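For reference, the structure discussed in these notes is given below.
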Protein chains: 2
Amino acid sequence: MKNYELVLHRVEADLAAGRLRIGGRLPGERTLAEQLGISRPSVREAVRVLEAMGVVRTATGSGPEAGAVIVAEPVSPLTAVLRLHLATNHLPMGDVVQTRLLLESWSAREAAGRELEADELKAAEGLLDRMDDTGLSPEEFHLLDAEFHVALSGLAGNVLIAAVMTSLRSAIHGYVLAAVPNLPDWEAVAVGLRAEHREILAAVRGGEPERAASLVTAHIRGFYQAAQLAPFGGEGGTA
Amino acid sequence: MKNYELVLHRVEADLAAGRLRIGGRLPGERTLAEQLGISRPSVREAVRVLEAMGVVRTATGSGPEAGAVIVAEPVSPLTAVLRLHLATNHLPMGDVVQTRLLLESWSAREAAGRELEADELKAAEGLLDRMDDTGLSPEEFHLLDAEFHVALSGLAGNVLIAAVMTSLRSAIHGYVLAAVPNLPDWEAVAVGLRAEHREILAAVRGGEPERAASLVTAHIRGFYQAAQLAPFGGEGGTA
DNA sequence: CTACCGGTGTGGTCGGACCACAGGGTAGGG
DNA sequence: CCCTACCCTGTGGTCCGACCACACCGGTAG
């Protein structure tokens, strides 16, 4: 048993038992070291891991914002894990895209079947309005695009799936952007994407689950085919 | 910019550029510290993070197995992130189960639509045979059960989804086990689960995607309802 | 009453030291 | 000549003590 794991187990146990809550603070590194009978460097290694896992946020200084504060940020660790494993080339980009397709089509179906608050849709709509600006560069456009898709999957109400979607989009971002030059006419593509987005949102708002899901599937598939990316054989959503 | 991040970026860049491959080794901690102009403790913090992310495996001693070896182990970090965030109670168990349902039904549909090698199915079948042993405790049974479901999702051929499934199962394990006492007759339930497993595998082998998917959905839903667990309203798979 | 300014506690970093471990080269015995 | 036992070397694992930068907070001077 390595020493830093003592800290990890201690923190996990404290979380599970409710002794630590979001917004709470870990004891100081020196205190923790003394309590567990280990050295400060060992404690620091554990805190770094917790930070990388999105469980704490550290800050120097004093006051309520300083120290190791408990947070709940699952997106950044998921993104980091994805990025690193994509870098090893042992995680095919095709699998990532396929997973995205699955999660998004499900989210759209689910969201269309729920009672949505008006302000939930407002955020997504605002993004679409901003995407109407024809002066946007492909990169700016795609950032808004990604944000829209993430917002859409958030409407399904499953925080895990929303978090995974966010990570997937981050991981895919560079990949998609690199393929923009493959498109024969970017502006024409953008026009098509805008229309499809509106259509998807309308289907979600109108409570048409199957239509929303198939629109999303077609929307994503269409773009990847146009950009000559990731030939993926899987279904993703409902056929 | 914190010092340990220098190491993370360096390693990620080396991975992306192909200077580091699976099976390769990181420079020694002392060497790395000198190269980046930082101290060894800073390097160690970064290595710990990489280890927690499943990118390296560290070992003492000498020889080809010692040092920080590059590996590709996405499952353990995903599991750890899930466990920690479940402990914070900011990740509802219902969402985890719902996600599992989605991934598994998709995997079953996908697997049934593929050409499978005989030995791919062998592993799953072997697990089912072992589960026929009536002397198994609920915990032993459930471990095999989880392994079977993971193997099943592996048949779809998407390593990301398979990895996520493995993590979800680990996260759910304790939760499910704690609910076994809720079951009026464990042995009767086990008999039903065995039959359903065989049926699912048959549908996958027989190339019946929709049947496989709906069997899986019913299989999972049935168990959760019997154990009076996680009332989840979502669809998960195709309705 | 206000503005300044040090005290105090936080994480961030560093250098050095020692330990346990495992492999490989070497010196010794057969 | 071969085999065995030993020691040397390099690895990560751990620890100590120190100093820095930072941010709040309280006392103090105006």
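Lettering follows sequence order; numbering is per chain, from 1. All values derive from a computational prediction rather than experimental measurement.
Across dC15(D), dG12(C), dT14(D), the shortest atom-to-atom separation from the side chain of Ile38(A) is found for dC15(D).
The CG atom of Leu32(A) sits 16 Å away from the C1' atom of dG9(C) (whole-angstrom rounding). Following rounding to the nearest Å, Met1(B) (CE) and dG12(C) (P) show an atom-to-atom distance of 14 Å. Glu45(A) has its CD atom 14 Å from the C1' atom of dT13(C), to the nearest Å. If you take CZ of Arg44(A) and C1' of dG17(D), they are 15 Å apart, rounded to a whole angstrom. What separates CG of Leu26(B) from P of dG10(D) is a distance of 19 Å, to the nearest Å. One interatomic measurement links the two molecules: CZ of Arg30(A) to P of dC15(D), which rounds to 16 Å at whole-angstrom precision. Taking atom NZ of residue Lys2(A) and atom P of nucleotide dT14(D), one finds them 8 Å apart after rounding to whole Å. Following rounding to the nearest Å, Asn3(A) (CG) and dC18(C) (P) show an atom-to-atom distance of 20 Å.
Counting non-hydrogen atoms of other residues, nucleotides and ligands closer than 6.0 Å to CZ of Arg25(A) gives a total above 12. Glu34(B) CD: 12 or fewer foreign heavy atoms inside a 6.0 Å radius. By the 6.0 Å contact criterion, CZ on Arg21(A) is open, its count of non-hydrogen atoms from other residues, nucleotides or ligands being 12 or less.
Between the side chain of Arg40(B) and the base of dG13(D) there is at least one donor-acceptor pair of N/O atoms closer than 3.5 Å.
Between Ser39(B) and dC14(C) there is a side-chain polar atom (N or O) within less than 4.0 angstrom of OP1 or OP2. At the phosphate of dC22(D), neither OP1 nor OP2 sits under 4.0 Å from any side-chain N or O atom of Ser62(A). Neither OP1 nor OP2 of dT11(D) sits under 4.0 Å from any side-chain N or O of Thr58(B).
Across all strands, Gly63(B) comes closer than 4.0 Å only to sugar-phosphate atoms, never to a base (heavy-atom distances). Using a 4.0 Å heavy-atom cutoff across all strands shown, Arg48(B) reaches sugar-phosphate atoms only and no base atom.
No salt bridge links Arg57(B) with Glu51(B); every basic N to acidic carboxylate O contact stays at or beyond 4.0 Å.
Rounded to the nearest 0.5 angstrom, Leu177(A) CG and Ile172(A) CD1 are separated by 12.5 Å. Note that CD of Glu12(A) is 8.5 Å distant from CG of Leu8(A), once rounded to the nearest 0.5 Å. For the atom pair CD1 (Ile22(B)) and CG (Asn89(A)), the distance works out to 8.5 Å, reported to the nearest 0.5 Å.
In terms of position on DNA chain C, the residue among Ala66(A) and Gly37(B) whose nearest nucleotide sits closer to the 5' end is Ala66(A). Between Glu65(A) and Thr60(B), the residue whose closest nucleotide on DNA chain D is further toward the 5' end is Thr60(B).
Where the helix from dC1(C)-dG30(D) to dG30(C)-dC1(D) starts and where it ends, the local axes point in directions that differ by 20°; five pairs per end, rounded to 10°.
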